[in-house]
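Worksheet: one structure, shown below.
Every chain is numbered from 1, with letters handed out A, B, ... down the list of sequences.
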Amino acid sequence: MPSIAEQLSRVLGDAFASLELPRELGRVTPSKQNPERFPFQCNGAMPAAKQAGKPPREIAQAVLDRIAGDALIEKAEIAGPGFINLLPAAAAINARAAEIASDDRAGAPQVSEPRKVMIDFGGPNVAKPMHVGHLRSSVLGDSLQRLFRFRGDTVISDIHLGDWGLQMGHLITELEEEQPDLPYFDAAITEGYPSEPPVDIEDLARLYPQASRKAKEDADRLAKSRRATAELQAGRAGYRALLRHFIDVSVAALKKDFGDLGVHFDLWKGESDVNDLIDGLVADFKARGVAEESEGAWVVRVARDGDKKELAPLILVTSEGSSLYGTTDLATILDRKQSVGPDLTLYVVDLAQSDHFEQVFRAADKAGLAPEGSLEHVKFGTVNGTDGKRLRTRDGGTFRLADLIASAIERADQRLKEAGLAADVGAEEHDRVARMVGLAAIKFADLQNYRTTNYVFDLDRFTSFEGKTGPYLLYAAVRVKSLMRRAAEAGVEPGPISAEAAEERDLVLALDAFGAALEQACENRAPNAICDHAFTLAQAFSKFYSACPILSAETEAVKRSRLALAEATLKQLELCLGLLGLEAPERM
RNA sequence: GUCCCCGUAGCUCAGGUGGAUAGAGCACGAGAUUCCUAAUCUCGGGGCCGCAGGUUCGAAUCCUGCCGGGGACACCA
């Protein structure tokens with residue numbers, strides 16, 4: 001059964017069609033005007049007026065005449081210039097509630113033709129610890145993979161580590177300056193390297209910025225890193241061995257960070273994994289004339305007539321002979337085409353890289369690797385400090401993601417103790433709850449903004465637990481769980497739903513809007529639509545919960561109806577939480 | 001200089017494929033707990049939707065220009 005809005009749209013669409021007007025004009029949407037009396041409205045009469053050559057109110061009246069007596073509609077009236085206001089019949093609302101209550105998906109539709117969707121997280125660089133900027137790609141990308149999966153698509157997610165470019169040359173040469181005697185730097189040695197890595201994650205975090213700083217001031221130092229990068233890519237054994245160490249050390253740290261965040265990847269591939277494809281790809285591009293030589297480098301020209309802006313060519317091979325991230329991106333597209341064959345690939349990467357992806361997508365299209373439209377840059381804005389500038393710590397350094405997570409969990413822990421909650425469950429469970437609450441606060445605070453906005457990161461706000469926050473959603477879910485336990489003790493079972501009170505009806509209508517929110521979130525690649533829906537739902541539940549006694553309701557029938565309503569809410573709320581990567585504890 | 005993103009309440013942000021009186025949270029003020037979790041609920045004040053034009057029956061939403069903020073413009077990622 002479709003949503004109430006869709007059912008109404010069908011009825012109104014039929015009415016418009018029978019008047020020889022486009023069916024789409026019958027589209028019914030939730031009304032913000034006076035939702036108490038008329039929760040839905042249809043605006044089709046106004047645009048119809050022009051083509052029909054009649055006043056909009058007259059058309060609206062004709063539509064009303066056609067839908068008169070339809071069992072779905074309790075009351076309809078014309079307002080203003082020709083708005084059609086609609087009140088669905090109580091029976092229709094109850095029927096929809098019953099369906100949502102019995103449906104595993106809580107009323108959410110699935111796609112009829114599943115696609116293969118690849119999600120590229122534009123991975124963190126090996127060598128750099130995760131900072132708050134990574135929060136967005138991780139949390140956003142994770143929510144998107146959950147959304148598309150829930151929608152019925154097949155999703156393959158890939159962290160796509162940055163482990164093949166100049167930063168590796170920086171690391172190698174910087175390590176050599178510190179420890180020149182390591183066997184990796186002796187070109188005469190080609191095997192038998194130590195199995196233990198010569199560095200830990202803190203070393204990597206120090207070495208990279210150190211080298212990067214030097215290279216900015218010293219052209220020779222930069223040239224040295226470039227040479228090392230080219231040698232690494234050409235296969236120098238000691239450098240390859242070091243690369244392996246760097247990746248292992250880095251991946252271990254990243255797995256912990258992502259594990260803490262609850263973010264999962266199907267593939268932990270990186271740029272270096274497509275190395276073997278690069279020579280062939282470059283040769284092929286040259287042979288087919290896709291690539292051409294320019295200033296000692298091999299490039300793919302991607303500018304087009306009619307471009308508003310002159311787009312630079314994509315550099316495939318540098319004059320040094322090494323490949324850049326455009327090269328590995330193209331090779332990765334080839335790799336995925338051969339191994340996965342995705343219908344759609346989403347790159348969840350910040351919007352500063354818009355031009356880069358435009359270049360890559362055009363080059364991929366030009367070379368016949370992937371048609372335009374099958375590759376999409378899901379861009380997002382920066383995370384700023386309260387001063388509006390890119391977020392930094394007090395001393396100007398980057399803000400580590402792990403520190404943010406830790407402070408949010410600590411705040412949640414304090415809050416639990418203050419309230420004397422989760423005290424009787426044991427220390428381990430208490431910590432688990434604090435983690436869930438802290439993470440919910442961070443993730444929701446990040447996801448509730450539309451992705452392209454640059455938003456202000458305020459630790460206090462991020463770890464606040466009141467109002468439109470992750471913990472509010474958890475709290476609503478926890479109250480229902482607690483209620484369900486009490487109901488079981490009292491022997492009350494959920495029964496047929498009959499929404500009588502305004503709060504009950506509003507709750508059903510909130511539940512009914514899930515499918516539309518899901519659709520919007522997927523189409524726009526914007527989980528904030530789910531944040532909004534989940535919050536509206538939780539709010540509708542809180543109102544219902546405070547206005548309508550459940551276990552102490554007057555009759556058994558009302559008890560059972562309200563309990564069923566609460567249970568349906570819990571189910572949908574937990575689905576929403578799951579789509580956002582949040583999890584509700586049993587109690588908090 | 002060219003191009004991209006953005007400008008909505010004191011603060012942080014939704015809404016943006018055009019619809020009626022522009023929303024939420026925080027903050028501020030007032031209230032609600034013999035009863036299922038008060039991390040809750042109820043009520044209130046608070047707005048030239050950056051500015052100016054245009055299209056339209058109707059513009060926060062679409063178009064143009066300007067102002068302001070952020071970002072990108074071939075051998076970093």
Side-chain angles (χ1 to χ4, degrees), chain A residues 29 31-34 41 43 46-47 49-50 55-56 79-83 85 122-123 125 128 162 164-167 169-170 212 215 222 225-226 229 271 294-297 299 307-320 322 324-326 328 349-356 358-359 379 381-382 384 386 388-390 415-416 419 421 437 445 448-450 452-456 458 460-461 464-469 471-472 474-476 478-487 490 528-529 531-532 535-536 539 542-543 545-547 549-553 562-563 566 587-588:
Chain A
T29 55
S31 172
K32 288 177 185 170
Q33 200 46 224
N34 51 358
Q41 69 181 78
N43 304 330
M46 274 94 68
K50 191 168 281 175
F83 298 104
N85 288 330
N125 273 339
K128 297 186 197 167
W164 196 239
L166 181 66
Q167 78 267 30
H170 274 330
S212 175
L222 177 60
S225 288
R226 284 214 180 115
T229 307
E271 296 168 336
S294 170
E295 296 173 33
V299 304
D307 279 351
K308 282 186 172 179
K309 143 186 210 187
E310 197 180 333
L311 199 60
L314 179 141
I315 294 177
L316 204 60
V317 183
T318 69
S319 47
E320 194 76 42
S322 52
L324 296 178
Y325 77 140
T328 52
V349 180
D350 72 289
L351 56 81
Q353 295 192 40
S354 299
D355 284 359
H356 166 73
E358 188 65 39
Q359 290 174 323
K379 50 190 93 169
T382 57
N384 296 334
T386 40
K389 306 274 186 192
R390 234 172 240 260
R415 190 61 193 271
L416 285 170
L421 293 170
V437 174
Q448 70 166 313
N449 300 309
Y450 183 70
T452 57
T453 33
N454 299 337
Y455 72 87
V456 174
D458 178 354
D460 286 339
R461 204 161 49 78
S464 124
F465 303 145
E466 269 111 51
K468 192 171 183 178
T469 62
Y472 176 94
L474 264 44
Y475 181 70
V478 163
R479 287 208 288 194
V480 188
K481 291 188 181 191
S482 169
L483 180 69
M484 300 312 294
R485 283 193 297 269
R486 299 230 171 206
N528 73 313
C531 290
D532 252 15
F535 180 67
T536 305
Q539 225 175 13
S542 289
K543 287 177 187 182
Y545 186 83
S546 62
I550 299 163
L551 298 180
S552 55
R562 289 181 176 167
L563 191 62
R587 51 194 98 216
M588 63 186 267

If only side-chain N and O atoms of [X] are considered, is one of them under 4.0 Å from the OP1 or OP2 phosphate oxygen of [N]?
{"X": "A:R562", "N": "B:C36", "result": "no"}
{"X": "A:K309", "N": "B:C4", "result": "no"}
{"X": "A:S482", "N": "B:U37", "result": "yes"}
{"X": "A:Y472", "N": "B:C41", "result": "yes"}
{"X": "A:R461", "N": "B:A27", "result": "no"}

Between [atom2] of [N] and [atom1] of [X], the distance in whole Å:
{"X": "A:Q359", "N": "B:A77", "atom1": "CD", "atom2": "C1'", "answer": "13 Å"}
{"X": "A:Q353", "N": "B:A74", "atom1": "CD", "atom2": "P", "answer": "15 Å"}
{"X": "A:R587", "N": "B:A39", "atom1": "CZ", "atom2": "C1'", "answer": "17 Å"}
{"X": "A:L351", "N": "B:C4", "atom1": "CG", "atom2": "P", "answer": "13 Å"}
{"X": "A:Y450", "N": "B:G16", "atom1": "OH", "atom2": "C1'", "answer": "10 Å"}
{"X": "A:K32", "N": "B:G16", "atom1": "NZ", "atom2": "C1'", "answer": "10 Å"}
{"X": "A:N384", "N": "B:C6", "atom1": "CG", "atom2": "P", "answer": "15 Å"}

Go through the N and O atoms of the side chain of [X] and the base of [N], and report whether any donor-acceptor pair is under 3.5 Å.
{"X": "A:Y325", "N": "B:A77", "value": "yes"}
{"X": "A:D350", "N": "B:A72", "value": "no"}
{"X": "A:S464", "N": "B:A39", "value": "no"}
{"X": "A:E295", "N": "B:A74", "value": "yes"}

Report which part of the nucleic acid [X] touches: base, sugar-phosphate, or nothing (heavy-atom distance under 4.0 Å, all strands).
{"X": "A:T453", "value": "sugar-phosphate"}
{"X": "A:G165", "value": "sugar-phosphate"}
{"X": "A:N528", "value": "sugar-phosphate"}
{"X": "A:K379", "value": "nothing"}
{"X": "A:Q539", "value": "sugar-phosphate"}
{"X": "A:N85", "value": "base"}
{"X": "A:A215", "value": "nothing"}
{"X": "A:S546", "value": "sugar-phosphate"}
{"X": "A:T452", "value": "sugar-phosphate"}
{"X": "A:P47", "value": "base"}
{"X": "A:V478", "value": "base"}
{"X": "A:F535", "value": "sugar-phosphate"}
{"X": "A:Q33", "value": "base"}
{"X": "A:K468", "value": "sugar-phosphate"}

Taking the side chain of [X] as its heavy atoms from C-beta onward, which of [options] lies nearest to it?
{"X": "A:R486", "options": "B:A38, B:G19, B:C36", "answer": "B:C36"}
{"X": "A:Y545", "options": "B:C75, B:G19, B:U37", "answer": "B:U37"}
{"X": "A:L324", "options": "B:G70, B:A20, B:C76", "answer": "B:C76"}
{"X": "A:K50", "options": "B:C75, B:C57, B:U37", "answer": "B:C57"}
{"X": "A:L483", "options": "B:A77, B:C6, B:C36", "answer": "B:C36"}
{"X": "A:K543", "options": "B:A14, B:U42, B:A38", "answer": "B:U42"}
{"X": "A:M46", "options": "B:C57, B:A77, B:G70", "answer": "B:C57"}

Shortest non-hydrogen contact from [X] to [Y]?
{"X": "A:K32", "Y": "A:Q41", "answer": "N-OE1, 4.2 Å"}
{"X": "A:L166", "Y": "A:L222", "answer": "CD2-CD1, 4.0 Å"}
{"X": "A:S319", "Y": "A:E295", "answer": "CB-O, 4.3 Å"}
{"X": "A:F535", "Y": "A:G467", "answer": "CE1-O, 3.9 Å"}
{"X": "A:K309", "Y": "A:D355", "answer": "NZ-OD2, 2.5 Å"}

Residues in side chain to side chain donor-acceptor pair (under 3.5 Å) with A:Q167, at least two apart? A:N125
Suppose we screen for side chain to side chain donor-acceptor pair (under 3.5 Å). Which residues come up paired with A:S322, at least two apart in sequence or across chains? A:T318
If we take the [atom1] atom in both [N] and [M], what is their distance in whole Å?
{"N": "B:A60", "M": "B:U17", "atom1": "P", "result": "13 Å"}
{"N": "B:U55", "M": "B:A27", "atom1": "P", "result": "46 Å"}
{"N": "B:A38", "M": "B:U33", "atom1": "C1'", "result": "7 Å"}
{"N": "B:C28", "M": "B:C11", "atom1": "C1'", "result": "12 Å"}
{"N": "B:G31", "M": "B:A24", "atom1": "P", "result": "22 Å"}
{"N": "B:A59", "M": "B:U21", "atom1": "C1'", "result": "16 Å"}
{"N": "B:U8", "M": "B:A30", "atom1": "C1'", "result": "28 Å"}
{"N": "B:C67", "M": "B:C57", "atom1": "C1'", "result": "32 Å"}

Just how far is it from atom CD of A:Q359 to atom CG of A:L311, taken to the nearest 0.5 Å? 5.0 Å
A:D458 side, atom CG; A:N384 side, atom CG - distance, nearest 0.5 Å: 12.5 Å
Find which nucleotide of RNA chain B each of A:D355 and A:Q41 is nearest to by heavy atoms, and output the residue with the more 5' nucleotide. A:Q41
Using heavy-atom distances to pick each residue's nearest nucleotide on RNA chain B, tell me which of A:N125 and A:P81 is more 5'. A:P81
Stems field, RNA chain B, Watson-Crick or wobble, 3.5 Å, at least 3 pairs, by first number, holds B:1-7 with B:67-73, B:10-13 with B:23-26, B:28-32 with B:40-44, B:50-54 with B:62-66
Could you tell me how the ring of A:Y325 sits relative to the ring of A:H356: parallel (under 30°), tilted (30 to 60°) or perpendicular (over 60°)? parallel
With a distance cut-off below 6.0 Å to the six-membered ring centre and an angular limit of 45° from the axis, does A:R479 pair with A:Y545 as a cation-pi contact? yes
Before you tell me yes or no, could you show the steps for A:L563 and A:M484 under side-chain contact (heavy atoms from CB on, under 4.5 Å), namely the whole-Å CA-CA distance, both residues' side-chain angles and the distance that decides it to 0.1 Å? CA-CA 8 Å; A:L563 191 62; A:M484 300 312 294; 3.9 Å; yes
